[in-house]
Number of protein chains: 2
Amino acid sequence: MTSTHDQIILVTCTLLEKQGYPATGLNEIVKESGAPKGSLYYYFPDGKEQIVSEAVLFSGKILVERLQTELAKHSDPIQAIYEYIMRLAGKVEEMQFAAGNPLTIVAIEAAGSSERISQACREVYSQLQAAFQEKMVSAGMAVSEADERARLTLASLEGGILLSRVYRTADPLRALAGHLRDTLQNSNPPQTESAERHP
Amino acid sequence: MTSTHDQIILVTCTLLEKQGYPATGLNEIVKESGAPKGSLYYYFPDGKEQIVSEAVLFSGKILVERLQTELAKHSDPIQAIYEYIMRLAGKVEEMQFAAGNPLTIVAIEAAGSSERISQACREVYSQLQAAFQEKMVSAGMAVSEADERARLTLASLEGGILLSRVYRTADPLRALAGHLRDTLQNSNPPQTESAERHP
DNA sequence: GTCTATACGGTGATAGAC
DNA sequence: GTCTATCACCGTATAGAC
């Protein structure tokens, strides 16, 4: 039982993920959502830009929450990230290589056209990066180093999603998961009595 | 002095990079290229799909050649990749965060709609990956390992381009370059009599 | 090979009845 | 809050003269 407003946002998310921003029409959203067309501009007076921005933020919120939940399952951030990406790979396969959120595709399209949408995408990306970073910091990594590692994780993750989509295989994501696990080491781990390091 | 055909392809490349596939109109291509509209369907009887496919392949060819040229400048593949990405970062800044080729954005959009365009993108990606891989193999890395490393390089590179575009900063690309240089090591380096190094 | 005119559907958006 | 009708414009694609 979802409201008309929420139903519009929901269906917009899936259409965006499949087709992107310019290719997704308002008529299509109306038709797929079953919402009355008259309601569209009632709930979203700023039109398409507003609908898409809200859809990005909405799906981003879910995405960040899910990421945090997954990361919390392992105390070791590297293992947690590995598991997260492997799980994502499975999900991408299930969904036939639409990752289940409109972020990647909308971000790249809207960057040159709509500042409002672009801003929404940046916000979500920043939250995702922060989630990775906090996880690493909580395990004893220095903040600046965690920042760099989180950036790389995010960048390669987005690239992996892109390649998985184009090749219609989750292999790039799985390969990425393994590589990050091997290379995402802490160069300044917390000091312990037994295993001290002297750089 | 370029032919009408080539001029159409050329301007299509830049429009695609800026706006993507659905957002780029045939009328716009005609207008920007200065080509006569009548010529469009004379040179490209299959319409938009054909124009875009050819544009992707054309820009891909240039991209691969440029990559190979850059990689050839350093004997060490890791250093070569580092320099390449750093140079790309500069270029992305100059071009105001349009990377100068339509691949990243078109690939992700067309994945779900046009198989013909999707195929063109896959072809270019495979060539790019092969260029990275061959460079690593030529420096003594095992083929299977070079394959994995090349995949990761490509994936994170695409993600870096995406983030640079969204944030309107080349920082993600530069951070990526540094990280890859630190982590893209050969786990099975070629054996030499002494510890030789070629500066 | 090029040009003009045009077909026909879809687009985002609005107005006004209910 | 919802619905219908309608707007002006844009999209791709084609036809036929030159």
Side-chain angles (χ1 to χ4, degrees), chain A residues 1-56 102 105-106 109-120, chain B residues 1-56 102 105-106 109-110 112-118 120:
Chain A
M1 224 250 77
T2 51
S3 70
T4 299
H5 172 281
D6 292 356
Q7 187 60 26
I8 289 173
I9 292 293
L10 234 51
V11 79
T12 300
C13 287
T14 76
L15 288 174
L16 286 176
E17 167 60 26
K18 247 195 334 201
Q19 309 161 339
Y21 172 46
T24 297
L26 257 33
N27 294 334
E28 202 179 359
I29 293 175
V30 167
K31 193 169 131 196
E32 290 286 319
S33 68
K37 173 147 194 183
S39 308
L40 224 164
Y41 281 88
Y42 172 80
Y43 289 113
F44 307 93
D46 290 350
K48 192 178 182 180
E49 249 196 325
Q50 184 181 2
I51 298 179
V52 173
S53 298
E54 289 195 21
V56 166
I105 183 165
V106 171
E109 286 174 326
S113 51
S114 163
E115 179 52 34
R116 179 171 184 173
I117 297 173
S118 216
Q119 172 61 29
Chain B
M1 224 248 76
T2 51
S3 70
T4 300
H5 172 280
D6 292 357
Q7 187 60 27
I8 289 173
I9 293 294
L10 234 52
V11 78
T12 301
C13 286
T14 76
L15 287 174
L16 285 176
E17 168 60 24
K18 241 190 347 198
Q19 308 161 339
Y21 172 45
T24 297
L26 258 32
N27 294 333
E28 202 178 1
I29 294 174
V30 167
K31 193 167 132 198
E32 291 285 318
S33 68
K37 175 148 192 184
S39 307
L40 224 163
Y41 281 88
Y42 172 79
Y43 289 113
F44 307 94
D46 290 351
K48 192 179 184 180
E49 249 197 324
Q50 185 182 1
I51 298 179
V52 173
S53 298
E54 289 194 21
V56 165
I105 182 165
V106 171
E109 286 173 327
S113 50
S114 163
E115 179 51 33
R116 180 173 184 172
I117 297 173
S118 216

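Please read all numbers here as calculations on a predicted model, not as lab measurements.
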Participant: I need the CG-P distance between B/L40 and C/dT4, as an integer number of Å.
Facilitator: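 Roughly 14 Å, once rounded to whole Å.
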Participant: Rounded to whole Å, please give me the gap between CD in A/Q19 and P in C/dT11.
Facilitator: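 The distance from CD of A/Q19 to P of C/dT11 comes to 10 Å, rounded to the nearest Å.
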Participant: Residues in side chain to side chain contact (heavy atoms under 4.5 Å, CB included) with B/Q50, at least two apart?
Facilitator: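 If we apply the side chain to side chain contact (heavy atoms under 4.5 Å, CB included) test to B/Q50, skipping adjacent residues, the hits are B/F44, B/P45, B/D46, B/E54, B/R116.
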Participant: Reckon A/S39 has a side-chain N or O less than 4.0 Å from the OP1 or OP2 of D/dG1?
Facilitator: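 No, no such contact exists.
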Participant: Would you tell me whether A/Q7 and A/S33 have side-chain atoms, one donor and one acceptor, within less than 3.5 Å of each other?
Facilitator: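 No donor-acceptor contact under 3.5 Å links the two side chains.
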Participant: Walk along nucleotides 12-18 of chain C from 5' to 3' and tag each nucleotide B, S or - by protein heavy-atom contact under 4.0 Å, base first, then sugar-phosphate.
Facilitator: SBB----
Participant: Say whether, by atom type as modelled, one donor and one acceptor occur between the side chain of B/T12 and the main chain of B/I8 under 3.5 angstrom.
Facilitator: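 Yes, B/T12 side chain to B/I8 backbone: donor-acceptor pair under 3.5 Å.
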Participant: Applying salt bridge (Lys or Arg N to Asp or Glu O under 4.0 Å), can you list everything that pairs with A/E115, at least two apart in sequence or on another chain?
Facilitator: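 Result, salt bridge (Lys or Arg N to Asp or Glu O under 4.0 Å) vs A/E115: A/R122.
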Participant: Heavy-atom distance under 4.5 Å between the side chains of A/T14 and A/K18, does that happen here?
Facilitator: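 With C-beta onward as the side chain, the pair stays apart.
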Participant: Round to the nearest Å and state the distance from A/Y42 atom OH to D/dT4 atom C1'.
Facilitator: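 It works out to 18 Å between those atoms.
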Participant: Let me see the working for A/Y41 and A/L26 under side chain to side chain contact (heavy atoms under 4.5 Å, CB included), right down to the final yes or no.
Facilitator: CA-CA 10 Å; A/Y41 281 88; A/L26 257 33; 3.3 Å; yes
Participant: Tell me the interatomic distance from A/I29, atom CD1, to C/dG10, atom C1', rounded to whole angstroms.
Facilitator: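 Distance check: A/I29 CD1 to C/dG10 C1' gives 14 Å.
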